[in-house]
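Read the structure below first, then the notes.
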Amino acid sequence: MEQNIENRFLWFKGEVVPCNHANIHVLAPTAQFGLNVFEGIPCYWNKDERQLYAFRLNAHYDRLMRSAKLLQIECPFSRNDLQQALFDAVRANQYQEDLSVRQTLFVDGFGSWASEGPTDLFVAPIPRRKTSAEYNKKGLHCCVASWQRISEHDVSPRIKCGANYINSRLGQREAIRNGYDTCIFLNGEGKVSEGPGSCFFMVKQGTLVTPKLTDSVLESITRDTIITLAKKMGIPVQERSIDRTELYLCDEAFLCGSAMELTPILSVDKYNIAKRENGAGEITSVLHKAYLDAARGGEKEWVTAVYL
Ligand SMILES: Cc1ncc(COP(=O)(O)O)c(C=O)c1O
């Protein structure tokens with residue numbers, strides 16, 4: 001059953017409430033300064049098993065805790081509390097469809113950008129409705145952003161916080177303004193880093209290549225998943241710095257993340273990416289399928305059943 005947004009339930013400050021009852025004060029540091037850390041947790045409905053699976057929940061909670069630690073935001077919730085809140089929010093809506101669950105630890109109260117607390121939590125399950133392929137048609141036309149990716153010199157991209165998305169926004173808006181779908185950022189050393197909400201991979205002569213974690217990228221869970229799956233399938237993987245010109249010469253390329261799954265790149269700065277049948281290249285297609293199979297319950301050690 002399709003629900004209007006206002007009829008949805010979410011978990012807010014310890015209670016399951018209708019969406020419209022979850023309000024944060026305009027003066028709260030999360031509203032004023034983007035002082036929050038969050039995760040977008042993919043949950044996939046498995047029709048055959050009639051079960052909803054949360055994908056790599058522990059990895060998401062590990063990163064949430066790391067982000068909170070780096071920003072010195074107190075986290076009064078245990079891992080079990082976080083998981084129970086997700087279960088409560090999803091179960092209240094009885095969702096039987098693919099979701100992205102936004103789980104956000106935020107600084108509330110009337111403090112400043114330097115406040116440690118009080119912190120609280122909301123958990124908002126958001127139906128995905130369309131698959132990545134439907135959203136992104138056959139693939140993406142990208143540009144290299146004129147904005148540089150944030151780095152350890154300013155605000156670390158390792159922290160998944162609301163405020164870091166301003167850098168993503170600048171690149172994304174620039175891309176759209178100039179007629180592209182999205183952008184790829186370079187880091188302070190002029191090497192390829194990532195997309196505005198996704199990690200970058202390319203294929204060169206059969207080898208899957210992605211920037212190192214120290215090249216100004218988020219420690220992406222999808223990145224880790226793709227690397228693990230590729231190695232299992234015998235696809236050689238390199239984590240190394242990537243030059244801008246390699247973007248224009250590679251055989252295949254894709255962006256990936258919990259929200260966009262795997263989405264092929266068709267061109268960068270109007271240089272066509274070479275080998276792509278029906279949008280995606282061969283290795284991209286194989287990895288896309290393996291990723292979705294794993295997330296829908298194929299790799300049991302990576303999924304957590306939401307329903308009893
Ligand atoms: C900048 C950036 N890079 C990469 C990703 C992909 O991370 P993950 O695979 O953990 O969703 C995201 C999305 O969260 C992101 O915002």
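Counting starts at 1 for both ligands and their atoms, following the listed order. Because the structure is predicted, anything quoted here is derived from the model rather than measured.
- The six-membered or imidazole ring of H25 lies near that of F110, with a centre-to-centre distance under 6.0 Å.
- E97 has a carboxylate O that lies under 4.0 Å from a charged side-chain N of R129, or vice versa, which qualifies the two as a salt bridge.
- Scanning all heavy atoms of the two residues, the minimum distance from S115 to P29 falls at OG-CG, 4.3 Å.
- The six-membered or imidazole ring of Y61 lies away from that of F77, with a centre-to-centre distance of 6.0 Å or more.
- Taking the ring axis of Y180 as reference, the NZ or CZ atom of K270 stays within 45° of it and closer than 6.0 Å to the ring centre.
- Closer than 4.0 angstrom to ligand 1 by heavy atom are R63, R149, K160, Y165, E194, G195, P196, G197, S198, C199, L218, S220, I221, T222, G257, S258, sorted by chain and number.
- Among residues two or more places apart in sequence or in another chain, the side-chain hydrogen bond (donor to acceptor under 3.5 Å, both in side chains) test is passed with R50 by Q96.
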